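Values below: every heavy atom of this structure, side chains too, minus hydrogens, waters and symmetry copies. Lettering of chains follows the sequences in order, A, B, ..., and the numbering in each one begins at 1. Fair warning: this is a prediction, and the values are worked out from it, not measured in the lab.
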Number of protein chains: 2
Amino acid sequence: MQERECGESAAPLYLRVRDQLASKIEEGSLAPNTRLPSERILAEEYGTTRVTARLALAQLEREGRLFRSNRRGWFVSPPRLIYKPAHDYSFSDYVTAQGRVLETETLDVTPMETSPWLAAKTGLSVGDPIVLLRRRRQIDGRPVLVENIYLNPERLPNIATYDFNRSLWKLLREKYDVELRQKRIEMYPTALVEPQASDIGVTVGTAGLYVTRCSRDAEGRFVELDEEFWLHDALSIQVDVD
Amino acid sequence: MQERECGESAAPLYLRVRDQLASKIEEGSLAPNTRLPSERILAEEYGTTRVTARLALAQLEREGRLFRSNRRGWFVSPPRLIYKPAHDYSFSDYVTAQGRVLETETLDVTPMETSPWLAAKTGLSVGDPIVLLRRRRQIDGRPVLVENIYLNPERLPNIATYDFNRSLWKLLREKYDVELRQKRIEMYPTALVEPQASDIGVTVGTAGLYVTRCSRDAEGRFVELDEEFWLHDALSIQVDVD
DNA sequence: AAGTGGTCTAGACCACCAC
DNA sequence: TGGTGGTCTAGACCACTTG
């Protein structure tokens, strides 16, 4: 009745290699952020070819146990960050609370016009001014996320003049006295493509999680729309409902 | 001498093949649930080998545009189902509301004892009786999800005797007068492994989304713990917060 | 300069599914 | 039974990172 686990000689070779690597990770002989031996060396160790070794590595990557840094090698994934997108308190504060180190870099700030897609999401009119802020965030030195933040310059005058390499939430509170009220969060797993893949420094096609949030103030005025592109193994989403 | 554009080399072949297939999907000449030509034929059409054709197909799979049915072929993904895990009304009702057809199959029902992991999640004591219900759900004939549902037999006497091929939410309301109150939802992207991969009929390593929910009644008593293993391209999560 | 992962070729055999 | 995807071999060259 119960499904049988893979028999040791019946399973495909790449899954047997996967199992051996997974054991090393679980027993701790491969610690988080450790770099693995090269694909060629792994292939030799397991008596197979690079293609098969790569299948095993890719399987562990899909499971969120390994990640790769472009052309630098394969590394053991650290634990997932617990992320509560429904909460509006400072992201950087609770990264710190989980004993991790957050870095934020502003990629660019671009005044632009509201597109039809943005208009539908925000309630602004097509052509209205809007400011696009792109940031990259790293946890413990690893880039795990890039975000497009669309800001409403009518609600946030001179927003483009501030420093964004810090908590946006605190900036909005201190400078604009905004109480964010989340309205709608959407998310789905998908592969990272350009330009996000390059921004994070991963191969096109790396598994990701797309998260978008639209926030308004207490009066219901549109404040900011957030699009986040996460590495799929970097986070675990948590939502509490009462 | 190779021509260069802005210092960048041409895109890899498998991404150019991907682009051409993606165009056909977008322009509608490949409709949802259409089966693609075989890998060997695609390789020939694009003047390359199966390995490269498979790279292109796998890329589109990771993006959620194509899916495969084990050893049957590649198909165009239908639109994602919008899923609101914070709501406790009938899942089947809102699948229907989106114009899709839901089927539910009970895989097995197993009385068992509360494990340490379950105890931590539910608040029950290790060794307490608990009932495991495993179900598979299909949308428009495609299996997209298997779930492990752990039911509290103390709160739900004789629960194992009912028919589960219908809405569990309605069953709990009608037979046990339960008002579910969600407490905590967690989810993260990961690859499907056995036994879920076989239950859904996909290859080990297919991208998935793991969702778990713990529900209690109005008095805070544990009612059921839900573990869902979704195909990653089948859904879009939506959470509204006020 | 050496080594890494990224991409690609041209084959092969197997398990499984539809006809 | 013929065709499919799943797995695997044994090489190759290229782009990029690192020492």
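The distance from atom CG of L57(B) to atom C1' of dT4(D) is 13 Å, rounded to the nearest whole Å. dC14(D) atom P lies 15 Å from atom CZ of R50(A), rounded to whole Å.
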Test side chain to side chain donor-acceptor pair (under 3.5 Å) applied to T104(B) and N165(B), step by step: CA-CA 5 Å; T104(B) 306; N165(B) 295 341; over 6 Å; no
Secondary-structure string, 5' to 3', Watson-Crick or G-U under 3.5 Å, | for another-strand partners, for DNA chain C: ||||||||||||||||||.
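Residue contacts for R71(B): at a heavy-atom cut-off of 4.0 Å it reaches a base atom on one of the strands shown.
Applying the side-chain contact (heavy atoms from CB on, under 4.5 Å) test to Q98(A) and every residue at least two apart in sequence or in another chain returns L81(A), I82(A), Y94(A), R100(A). By the salt bridge (charged side-chain N to carboxylate O under 4.0 Å, His left out) test, E27(B) is found to be paired with no residue, residues two or more places apart in sequence or in another chain being considered.
Aromatic rings from F67(A) and W74(A) are positioned such that their centres are separated by 6.0 Å or more.
By the 4.0 Å N-to-carboxylate-O rule, R137(A) lies too far from E228(A) to be salt-bridged with it. Ion pair D233(B)/R142(B) flagged as a salt bridge, since at least one NZ, NE, NH1 or NH2 atom sits closer than 4.0 Å to an Asp/Glu carboxylate oxygen. Salt-bridge check for E26(B) with R65(B): passed, with a basic side-chain N closer than 4.0 Å to an acidic carboxylate O. With respect to R134(A) and D108(A), a salt bridge is recorded, a charged nitrogen being found less than 4.0 Å from a carboxylate O.
Place R68(A) and R72(B) on DNA chain C by their nearest nucleotides, and R68(A) ends up nearer the 5' end. Residues L36(B) and L13(A) both approach DNA chain D. Their nearest nucleotides, taken by heavy-atom distance, put L36(B) toward the 5′ side. Taking the nucleotide of DNA chain D with the nearest heavy atom to each of V51(A) and P37(B), the more 5' of the two is matched to P37(B).
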Can you list, pair by pair, the side-chain donor-acceptor contacts under 3.5 Å of residues 202-211 of chain B, counting residues two or more places apart and other chains?
residue : atom : partner : partner atom : Å
T206(B) : OG1  : T203(B) : O            : 2.7
Y210(B) : OH   : E227(B) : OE2          : 2.6

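Contact footprint of chain A on DNA chain C: nucleotides with an atom under 4.0 Å from a non-hydrogen protein atom, first to last in 5' to 3' order, dT4(C) to dT7(C).
For the contact set between residues 39-49 of chain A and DNA chain C, defined by any heavy atom under 4.0 Å, the members are E39(A), R40(A).
In this structure, the separation between CG on L57(A) and CG on L36(A) is 6.5 Å, given to the nearest 0.5 Å.
One finds no side-chain N or O of S38(B) lying less than 4.0 angstrom from the OP1 or OP2 phosphate oxygen of dG3(D).
Between W230(B) and Y83(B), the angle of the ring planes lies from 30° to 60°, which puts this pair in the tilted group.
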